Novice: 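Take a look at this one; I'll ask things after.
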Protein chains: 2
Amino acid sequence: MYEKKIPLPLECGLAMTREILGGKWKPNLLFAISEGINRPSQLHRAIPQSTKRVLNLQLKELEEFEVIEKKIYHQLPPKVEYHLTERGETLMPLLRQMNEWGDKNRSFIKNIILNRTKVLD
Amino acid sequence: MYEKKIPLPLECGLAMTREILGGKWKPNLLFAISEGINRPSQLHRAIPQSTKRVLNLQLKELEEFEVIEKKIYHQLPPKVEYHLTERGETLMPLLRQMNEWGDKNRSFIKNIILNRTKVLD
DNA sequence: CGGCATCCGCCAAGATACTG
DNA sequence: CAGTATCTTGGCGGATGCCG
């Protein structure tokens, strides 16, 4: 009766990962940083759709989870650099796969999204 | 007035993938379905933290992007089954990696989250 | 069993402006 | 150049209930 079972196969590894990559721009930030785009202004230029504020927030969270680290050069003008940590590096294969999958399915997905908005007009 | 939110960059693979896996329970749903938990009630039992409504919504989106397909048996009581499509299958390696990464880093992440809320108390 | 309608709170994320 | 403060909103997702 109380053999709950239904073997929750959804061990929360997924949830954990989601906790890290959940932010809207976090994957992009990590990807960019991994490619040597590591200064705030550069990152903002690389992701102009977002704002400094939001990027800062998400960078702070990434830092909190120690997937990136922040180097502050106390000088004028200020200079800051972000770099992947060891842990962050281990995330890269995942990000690469996400990117790949998205690339392969882009046209298909795009179509669906566009048709969706078309209907709404 | 508040204009529409920023349109996501359709050229970016990461954004595309995010479009599919973005929902809170989508990865879990896909994972569960891939393991043969394919009826709505089973899925709900497997993810009791969520509600029928939300799961239905997300299943509908997954269906829209053709990563799963829905089989409806017109009978009483109604019976419905979800299955991964070809495209859905291609997502599995990604999900497995997410799950793995989360597992490996669970304790670390958990700690950070717990300490965070501790401070708030 | 499966699906849908309602209602609603919360907070991520966007816009803007200002400081050092 | 980097960072922060304030304000705003949309919409995701949670709670309930009814229907076939």
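Quick caveat: nothing in here was measured; it's all calculated off a predicted structure. In the text below, chain A, chain B and the rest are named by the order of the sequence lines, each starting its count at 1.
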Novice: As a test of reading the structure: which of D:dG13, C:dC1, C:dA13 is closest to the side chain of B:V54, going by heavy atoms?
Specialist: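 Selected nucleotide (nearest to the side chain): D:dG13.
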Novice: Report the distance from atom CD of A:E81 to atom P of D:dC1, rounded to the nearest whole Å.
Specialist: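 Between P of D:dC1 and CD of A:E81: 14 Å.
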Novice: So B:N105 and A:F65, do their side chains get closer than 4.5 Å, heavy atoms only?
Specialist: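 Counting from C-beta outward, A:F65 and B:N105 never come under 4.5 Å.
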Novice: Does A:R45 make a side-chain N or O approach to OP1 or OP2 of D:dC1 shorter than 4.0 Å?
Specialist: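 Affirmative; the distance criterion is met.
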Novice: Measure from CD on B:Q58 to P on C:dG3 and round the result to the nearest Å.
Specialist: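 Rounded to the whole Å, the gap is 15 Å.
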Novice: From C-beta outward on A:S41, which listed nucleotide comes closest to its side chain: D:dA15, D:dC1, C:dA13?
Specialist: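 Nearest listed nucleotide: D:dC1.
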Novice: Axis-to-axis angle across the helix from C:dC1-D:dG20 to C:dG20-D:dC1, five pairs an end, to 10 degrees?
Specialist: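 The helix from C:dC1-D:dG20 to C:dG20-D:dC1 shows an end-to-end axis angle of 40°.
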Novice: More 5' along DNA chain C: A:E61 or A:L76, using each one's nearest nucleotide?
Specialist: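 On the 5' side of the pair lies A:E61.
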Novice: Between B:Y73 (OH) and C:dG3 (C1'), how many Å, whole number?
Specialist: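 Spelled out: OH on B:Y73 to C1' on C:dG3 is 18 Å.
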Novice: In whole angstrom, what separates B:I37's CD1 from C:dC1's P?
Specialist: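 Spelled out: CD1 on B:I37 to P on C:dC1 is 15 Å.
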Novice: Rounded to whole Å, how long is the line connecting atom CG of A:L21 with atom P of C:dA12?
Specialist: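 After rounding, the gap between these two atoms is 16 Å.
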Novice: I need the CG-P distance between A:L57 and C:dA12, as an integer number of Å.
Specialist: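 These atoms are roughly 9 Å apart.
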Novice: Just to verify, what does B:E100 make a side-chain contact (heavy atoms from CB on, under 4.5 Å) with, not counting sequence neighbours?
Specialist: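 B:E100: side-chain contact (heavy atoms from CB on, under 4.5 Å) contacts with B:K104.
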Novice: With side chains defined as the heavy atoms from C-beta onward, is the minimum distance between B:L62 and B:I33 less than 4.5 Å?
Specialist: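 A side-chain contact under 4.5 Å is absent here.
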Novice: According to side-chain contact (heavy atoms from CB on, under 4.5 Å), who are the partners of A:S34, at least two apart in sequence or on a separate chain?
Specialist: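 Once residues adjacent in sequence are excluded, the partners of A:S34 under the side-chain contact (heavy atoms from CB on, under 4.5 Å) criterion are A:L84, A:M92.
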Novice: List in chain and number order the residues that pass side-chain contact (heavy atoms from CB on, under 4.5 Å) with A:L76, two or more places apart in sequence or in another chain; answer none if no residue qualifies.
Specialist: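 A:L76 satisfies side-chain contact (heavy atoms from CB on, under 4.5 Å) with A:P78 once adjacent residues are dropped.
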Novice: How many Å lie between CG on B:L55 and P on D:dG13, as a whole number?
Specialist: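 It is 11 Å, rounded to the nearest whole Å.
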Novice: Taking only the side-chain heavy atoms of A:T51 (C-beta and beyond), determine which of D:dG13, D:dG20, C:dA15 contains the nearest atom.
Specialist: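 Within the option list, the nearest is C:dA15.
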Novice: Show every salt bridge (Lys or Arg N to Asp or Glu O under 4.0 Å) that has at least one partner inside residues 74-85 of chain B, sequence neighbours left out.
Specialist: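 Counting only pairs at least two positions apart or across chains, the salt bridge (Lys or Arg N to Asp or Glu O under 4.0 Å) contacts touching residues 74-85 of chain B are B:K79-B:E81.
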Novice: Which residue pairs pass the salt bridge (Lys or Arg N to Asp or Glu O under 4.0 Å) test with at least one member in residues 43-65 of chain A, sequence neighbours excluded?
Specialist: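 The answer is A:K26-A:E61, A:E64-B:R116.
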Novice: Does OP1 or OP2 of D:dG13 have a side-chain N or O of B:S50 closer than 4.0 Å?
Specialist: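 Checking B:S50 against D:dG13: no side-chain N or O falls below 4.0 Å of OP1 or OP2.
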Novice: Rounded to whole angstroms, how far apart are NZ on B:K71 and C1' on C:dG2?
Specialist: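 Between C1' of C:dG2 and NZ of B:K71: 18 Å.
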Novice: Just jot down the side-chain hydrogen bond (donor to acceptor under 3.5 Å, both in side chains) partners of A:T90, sequence neighbours excluded, or say none.
Specialist: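 With neighbours one apart ignored, the set is B:W101.
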Novice: Going by the rule side-chain hydrogen bond (donor to acceptor under 3.5 Å, both in side chains), which residues pair with A:R18 if we only count those two or more places apart in sequence or in a different chain?
Specialist: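 Counting only residues at least two positions away or on another chain, A:R18 forms no side-chain hydrogen bond (donor to acceptor under 3.5 Å, both in side chains).
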Novice: Using a cutoff of under 3.5 Å, can you pull out all pairs of nitrogen or oxygen atoms linking the protein to nucleotides 3-7 of chain D, with atom names and distances?
Specialist:
unit_1	atom_1	unit_2	atom_2	d
D:dG3	OP1	A:K70	NZ	2.7
D:dG3	N7	A:K52	NZ	3.4
D:dG3	O6	A:K52	NZ	2.3
D:dT4	OP2	A:K60	NZ	3.3

